[in-house]
Amino acid sequence: MIMVNLTYENRHGIETVILSNDFVKAVILAGKGGDLLEFTWKPLKYNCLYRSDVPMDDFEHLNLHEKRLLHHSDHLLGGWVDALPHRGIYQNIELGQDNGGIAATLPWHCETEKNEKEVIRVRLWVDLPVFPMHVEKTFTLYEDSSSLFIEESVTNRGETEMSFTWTQHAIFYYPEDAVLEIDSDLAFKAWDHMASPGQPLEAYEADMKKAVLSNSEFVVYNHLKKGEAALTNKENQLEVRLNWDINQFPYLRSLYQEGLSGVEPGNDLFSGFEHSLQYHTYTVLKVKEKIETSFVLSFNQR
C-alpha cells in the first residue's frame with residue numbers, strides 16, 4: 001500500500017523535515033534557511049541534488065538562532081538554497097555578494113499543515129532581519145506522485161518599497177552522459193559582460209549547442225518561453241525536471257562545473273547588481289505588497 005510519511009529530526013542542531021513516499025524522499029532543513037538538501041529517487045537510491053564537502057556537524061557549534069550566517073553560500077551544504085534577496089536595496093540598506101541571501105542564513109519556523117495517508121504538507125515561514133520581508137513556503141507530497149510541489153510568498157513588511165533580485169540556487173549532479181534540456185539555446189555570458197561591459201547585450205550571447213564552456217562558467221538563459229528544465233541521465237534513463245513560474249523568474253542562471261550544473265531560476269540577468277539596476281532586471285515590492293510563486297521538482301523514469 002502506497003502511503004506518504006512525514007518525519008521530524010534534529011540533525012546536528014538543525015530542525016529537519018523529511019517527506020517521503022514509495023518513489024521519492026525530500027529532506028528540508030527548516031532550521032537552516034528552509035534549504036531542500038536532498039531529493040532522492042528511492043528505487044535507485046539516487047539523490048539528484050549536490051552535497052558539498054561541508055560536514056553537517058559544523059552546525060553543532062553554530063547557533064543560528066543567536067547568530068545567523070553571513071550570506072547564502074556561507075557553510076553551504078548544497079542542495080537547493082533560496083537566495084532571497086540575492087541583491088537588494090531598502091532605504092539606506094544594500095545587499096550584495098557578501099551579505100545577500102538572508103533567507104538562507106537563519107532558521108525558519110515550521111508546522112505541519114496536513115498529514116494524511118494521501119498527502120502531506122508542511123509550512124515554513126520567517127521574518128527577515130535587516131531587509132524587512134515576510135517569507136512563507138509550503139512543501140507538498142502526494143502518495144502516488146514523484147513530484148514535490150513548492151509554493152512561496154514574499155511580503156514587504158517595511159515602511160517603504162524595496163528593490164531586489166531573487167535566485168533559486170539549485171545545484172544538481174551532472175554526469176558525463178547527462179543531457180540538459182531547455183527550450184532556448186541562446187544564453188547570456190554574464191561574466192564576459194562583467195569583465196568588459198559597454199557592448200549591446202546581444203554581443204554577449206552564445207549558442208549553447210555550439211559553445212565550448214570552461215569549467216565554472218556562468219551563463220544565463222534569457223530567451224525562455226516557459227519555466228522548465230529537464231536533466232536526463234542517459235545511463236539509467238532517469239529524468240529530473242524542474243518547473244517554475246516564468247513570470248516571477250524569467251531567466252535561468254546556470255553555472256557549469258565538472259560533474260555539476262546549477263539550474264537556477266531567477267529574476268536577474270547580470271552578475272553585478274549595478275547592471276541589474278541599469279537594465280531593470282529586478283523586482284520592486286511596495287509596502288505591504290505580496291507576491292506568490294510556485295515550483296515543481298519531479299523524477300521520471302523513462
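Quick note: residue numbers are just sequence positions, from 1. Predicted, not measured: the structure shown is a model, and the values here were computed from it.
For R11 and D57, the salt-bridge test fails: no basic side-chain N is under 4.0 Å from an acidic carboxylate O. Taking a cutoff of 4.0 Å between a charged side-chain nitrogen and a carboxylate oxygen, E205 and K189 do not qualify as a salt bridge. Between R253 and D268, at least one side-chain nitrogen of the basic residue sits less than 4.0 Å from a carboxylate oxygen of the acidic one, meeting the salt-bridge criterion.
Put simply, NE2 on H86 and OG on S276 are 9.5 Å apart, with the number rounded to the nearest 0.5 Å. The line from CG of L148 to CG of L36 is 6.0 Å long, rounded to the nearest 0.5 Å. Here the CG atom belonging to L242 is positioned 8.5 Å from the OG atom belonging to S298, to the nearest 0.5 angstrom. Interatomic distance, W108 CH2 to L64 CG, rounded to the nearest 0.5 Å: 14.0 Å.
With R157 contributing its side chain and L128 its backbone, the two residues share a donor-acceptor pair below 3.5 Å. The backbone N or O of K67 sits nowhere less than 3.5 Å from a side-chain atom of N63 that would complete a donor-acceptor pair. Put simply, the side chain of Q278 never gets that close to the backbone of H275: no donor and acceptor are under 3.5 Å apart. With hydrogens and angles ignored, the 3.5 Å screen pairs no side-chain donor or acceptor of S163 with any backbone N or O of G88. Of the possible polar contacts, none joining the D35 side chain to the L37 backbone as a donor-acceptor pair under 3.5 Å is found. In this structure a side-chain-to-backbone donor-acceptor pair under 3.5 Å is present from Y204 to Q199. At distances below 3.5 Å, not a single donor-acceptor pair connects side-chain atoms of T167 with backbone N or O atoms of H169. In this structure a side-chain-to-backbone donor-acceptor pair under 3.5 Å is missing from K114 to V122. Without hydrogens or angle criteria, Y173 side chain to R51 main chain gives a donor-acceptor distance under 3.5 Å. A donor-acceptor pair under 3.5 Å is absent between the side-chain atoms of N21 and the main chain of N5, judged by distance alone.
Minimum interatomic distance between K137 and G34 (heavy atoms only, all atoms of both residues): NZ-O, 4.2 Å. Smallest separation of non-hydrogen atoms from P85 and L95: CG-CD1, 3.7 Å. Smallest separation of non-hydrogen atoms from A229 and V263: CB-CG1, 4.0 Å. Shown here for Q301 and N236, the closest heavy-atom pair between the two residues is NE2-O, 2.6 Å. Considering all non-hydrogen atoms of both residues, K45 and T40 come closest at C-CG2, 4.0 Å. Summarising the geometry of E116 relative to V4, their closest heavy-atom pair is O-CG2, 3.2 Å, with the distance given to 0.1 Å.
Side-chain atoms of H71 and N99 include no donor-acceptor pair closer than 3.5 Å. Remark: the E228 side chain and the N243 side chain contain an N/O donor-acceptor pair separated by less than 3.5 Å. Residues S147 and Y142 have side chains that never bring a donor and an acceptor to within less than 3.5 angstrom of each other. Under 3.5 Å, the side chains of D82 and Q168 contain a donor-acceptor pair of N or O atoms.
Within 6.0 Å of CD on E151 lie no more than 12 heavy atoms contributed by other residues, nucleotides or ligands. Other residues, nucleotides and ligands place no more than 12 heavy atoms under 6.0 Å from the CG atom of D53. Around atom CD of E159, no more than 12 heavy atoms belonging to other residues, nucleotides or ligands sit under 6.0 Å away. Residue K42 qualifies as enclosed at atom NZ: its count of foreign heavy atoms under 6.0 Å is above 12.
Aromatic ring orientation, F23 versus W41: parallel (interplanar angle below 30°, classes split at 30° and 60°).
Just one residue in the list Y50, F39, F295 forms a ring pair (Phe, Tyr, Trp, His ring centres under 6.0 Å) with W80, and that residue is F295. Test W244, Y221, W166 against F249 for ring pair (Phe, Tyr, Trp, His ring centres under 6.0 Å) and you get one pass: W166.
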Step-by-step side chain to side chain contact (heavy atoms under 4.5 Å, CB included) determination, M3 to D144: CA-CA 8 Å; M3 293 183 65; D144 58 350; over 6 Å; no
Mind running salt bridge (Lys or Arg N to Asp or Glu O under 4.0 Å) on E111 and R123 for me, showing each step along the way? CA-CA 5 Å; E111 68 177 10; R123 170 178 169 260; 3.0 Å; yes
Apply side chain to side chain contact (heavy atoms under 4.5 Å, CB included) to the pair H223 and F188, showing each step before the final yes or no. CA-CA 9 Å; H223 294 280; F188 178 76; over 6 Å; no
Going through the checks in order, is the side chain to side chain contact (heavy atoms under 4.5 Å, CB included) test met by L69 and H75? CA-CA 8 Å; L69 301 174; H75 286 80; 4.0 Å; yes
Could you check F139 against R121 for side chain to side chain contact (heavy atoms under 4.5 Å, CB included), going step by step and ending with a plain yes or no? CA-CA 6 Å; F139 294 87; R121 178 179 300 114; over 6 Å; no
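Counting heavy atoms from C-beta outward, I150 and T138 have side chains that stay 4.5 Å or more apart. Within the 4.5 Å cutoff, side-chain heavy atoms of Q248 are placed close to those of T283. The shortest side-chain heavy-atom distance between K225 and S184 does not fall under the 4.5 Å cut-off. In this structure, the side chains of E38 and K25 come closer than 4.5 Å at one or more pairs of heavy atoms. Two residues are said to be in side-chain contact when any heavy atoms from C-beta on lie closer than 4.5 Å; I28 and L19 meet this criterion.
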